[in-house]
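Each chain gets a letter, A, B and so on, in the order its sequence line appears, and its residues count up from 1.
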There are 2 protein chains.
Amino acid sequence: MKSIDTLLSRLRQRGLRITPQRRVILEFLVNEESHPTAEQVYQRVSSLMPDISRTTVYNTLRELSDLGELAPVQDLSQDGRRYDTSTEPHHHLYCVACHTIIDIHRDFEGMSLSPEEASGYQILSHQATFYGICPDCQSPASVATQAGWTVDPDALNSET
Amino acid sequence: MKSIDTLLSRLRQRGLRITPQRRVILEFLVNEESHPTAEQVYQRVSSLMPDISRTTVYNTLRELSDLGELAPVQDLSQDGRRYDTSTEPHHHLYCVACHTIIDIHRDFEGMSLSPEEASGYQILSHQATFYGICPDCQSPASVATQAGWTVDPDALNSET
DNA sequence: GTAGGTGCAAACAATTTGCACTCTT
DNA sequence: AAGAGTGCAAATTGTTTGCACCTAC
């Protein structure tokens, strides 16, 4: 995400009002790279502004998303929609155990489709996701503490 | 997905019973390439077996998914979890207007991470998603009929 | 002053679960 | 016969909405 000031003026331009709630949400998001869910944003901002409501967090995230200042992340986990503060094209490294996502900001050459492969689709963008196990989750002790998660042993082979 | 018979014997091997409900669900899935949701599977199979319950469909899809015979699809749409009957590694071509997904069964060379980029992750697999607009959705009339969907004009530029 | 924003509670939608009954094995 | 599976209804979870009050502009 850009700086707070850039963002605030963008929102003003689009006719949105700068409320204290929106300000605190944006301040949290600006330096956040963890692809949080609405609930996670709510937890963090409500420690700074205890009376903020979930509704406001949900509404604000949806509005930012509609404006293109925030990108919904496709995610196999069940924890709800996650948001990406990086709206530039990039790729993801995803831990199948703890669902941590790391952004990969680089291009892969050759990652494009021939006209036949595109089946008439007008291609707008593309994104790669690398599935793996993060360093923290590679130690058995750590895996055991991933509440609700057991890593399928079959999944622990090398890349297919 | 493989043939019905292969699937049935696999399930038997794993100790699952072959009920009429599971049979009809599998028969539907075997030749399905549309990445359906549980609800869509339910709609289709309930036309063949009107008394089947959603619970059974949901349970069966989850079991097949746990067994690795079905893969959950990462999907930006809000229509619920979708299932991929192809469990081999492959890529996706996704229509942002109507959410149609087409499988792309080929490899992209160079789509791999250096050790530094992998940040200590043990990589298991990877998948690319190409976002675009399918032929049906490229005609304005068709776009207009996509209930609940408006394609953001900004999104209609060429690939970034 | 006024339209837009907030926050409560209620509505919704997708999925899971508890449980009595049924059917595959 | 025994235990897995089914299907109903109820519970859960993530998210949106209706609406009265509030506040940034």
Side-chain angles (χ1 to χ4, degrees), chain A residues 7-26 35-46 48-67 69-70 72-83 99 147-149, chain B residues 7-26 35-46 48-67 69-70 72-83 99 147-149:
Chain A
L7 265 170
L8 290 179
S9 60
R10 288 235 234 171
L11 298 193
R12 253 186 285 262
Q13 271 172 32
R14 312 246 206 164
L16 297 194
R17 295 180 180 176
I18 310 304
T19 64
Q21 289 87 340
R22 286 183 174 162
R23 196 181 293 270
V24 70
I25 291 170
L26 289 173
H35 311 80
T37 62
E39 179 63 24
Q40 290 168 333
V41 175
Y42 170 72
Q43 291 302 336
R44 291 295 300 275
V45 301
S46 65
L48 302 168
M49 182 182 275
D51 290 342
I52 199 172
S53 71
R54 276 191 180 75
T55 301
T56 296
V57 173
Y58 273 98
N59 287 344
T60 302
L61 293 176
R62 181 158 35 79
E63 287 153 3
L64 290 173
S65 180
D66 290 346
L67 294 177
E69 306 293 348
L70 218 46
V73 182
Q74 48 180 22
D75 180 359
L76 292 176
S77 78
Q78 291 298 107
D79 318 320
R81 190 181 307 148
R82 296 171 67 172
Y83 290 95
H99 311 171
W149 259 87
Chain B
L7 265 170
L8 291 179
S9 60
R10 288 236 235 171
L11 298 192
R12 254 187 281 262
Q13 271 172 33
R14 311 245 207 165
L16 298 195
R17 294 181 179 177
I18 310 304
T19 64
Q21 288 88 340
R22 286 182 175 162
R23 196 182 293 271
V24 71
I25 291 171
L26 290 173
H35 311 79
T37 62
E39 180 63 24
Q40 290 168 333
V41 175
Y42 170 71
Q43 292 301 336
R44 291 295 300 275
V45 301
S46 65
L48 302 168
M49 182 183 276
D51 290 342
I52 198 171
S53 71
R54 277 190 180 73
T55 301
T56 296
V57 173
Y58 273 97
N59 287 344
T60 302
L61 293 176
R62 183 159 33 78
E63 286 152 3
L64 290 174
S65 180
D66 289 346
L67 294 177
E69 306 293 347
L70 217 48
V73 182
Q74 47 180 22
D75 179 0
L76 293 176
S77 78
Q78 290 298 108
D79 318 320
R81 191 181 307 147
R82 296 172 67 171
Y83 291 95
H99 311 169
W149 261 86

task: Please state how far atom CZ in R22(A) lies from atom P in dG7(C), giving the value in whole angstrom units.
output: 11 Å
Between the protein and nucleotides 11-14 of chain D, which nitrogen or oxygen pairs are less than 3.5 angstrom apart?
none

- prompt: What does R54(A) touch in the nucleic acid at a heavy-atom separation under 4.0 angstrom: a base, only the sugar-phosphate, or nothing?
  reply: nothing
- request: Grab the two heavy atoms, one from S77(B) and one from H99(B), that are nearest each other, plus how far apart they are.
  value: CB-ND1, 3.1 Å
statement: From CG of L67(A) across to P of dG5(C) the rounded distance in Å is 11 Å
message: Closest-nucleotide mapping onto DNA chain D: is G15(B) or T56(B) further toward the 5' terminus? I mean the 5' end.
response: G15(B)
statement: Per-nt protein contacts along nucleotides 17-25 of chain D (heavy atom under 4.0 Å; B base, S backbone sugar-phosphate only, - none) come out as B-----BBS
statement: In short, A38(A) meets Y58(A) closest at the heavy-atom pair CB-CE2, 3.5 Å
message: Just the rounded figure in Å: distance from C1' of dT6(C) to CD of E63(A).
response: 11 Å
message: Expressed as a whole number of angstroms, how long is the span from L61(B):CG to dT6(D):P?
response: 12 Å
query: Would you say V73(B) and Q74(A) make side-chain contact, with heavy atoms under 4.5 Å?
result: no
message: Give me the atom names and distance for the closest heavy-atom approach of V45(A) to V24(A).
response: CG1-O, 4.0 Å
task: Grab the CG-C1' distance between L11(B) and dA4(D) for me, whole Å please.
output: 14 Å
Protein-nucleotide distance (I25(B), atom CD1; dT6(D), atom C1'), rounded to Å: 11 Å
Main-chain N/O of E39(B) paired to R54(B) side chain as donor or acceptor, under 3.5 Å: no
The helix from dG1(C)-dC25(D) to dT25(C)-dA1(D): angle between end helix axes, five pairs per end, rounded to 10 degrees: 40°
field: Between dT16(C) (P) and Y42(B) (OH): distance, integer Å
entry: 17 Å
field: Nearest non-hydrogen partners of Q40(A) and P36(A), listed with the distance
entry: OE1-CA, 3.1 Å
- request: Of all the heavy-atom pairs spanning V57(A) and I25(A), show the shortest one and how long it is.
  value: CA-CD1, 4.0 Å
query: Q21(B) side chain N/O closer than 4.0 Å to the phosphate oxygens (OP1, OP2) of dC23(C)?
result: no
field: Within-4.5 Å side-chain heavy-atom neighbours: T60(A) and V41(A)
entry: no
query: Going by heavy atoms in the side chains, are L67(B) and L11(B) under 4.5 Å from each other?
result: yes
query: Hey, does the side chain of R22(B) reach the backbone of R17(B) with a donor-acceptor pair shorter than 3.5 angstrom?
result: yes
Donor-acceptor contact present, side-chain R82(B) to main-chain D75(B), <3.5 Å: no
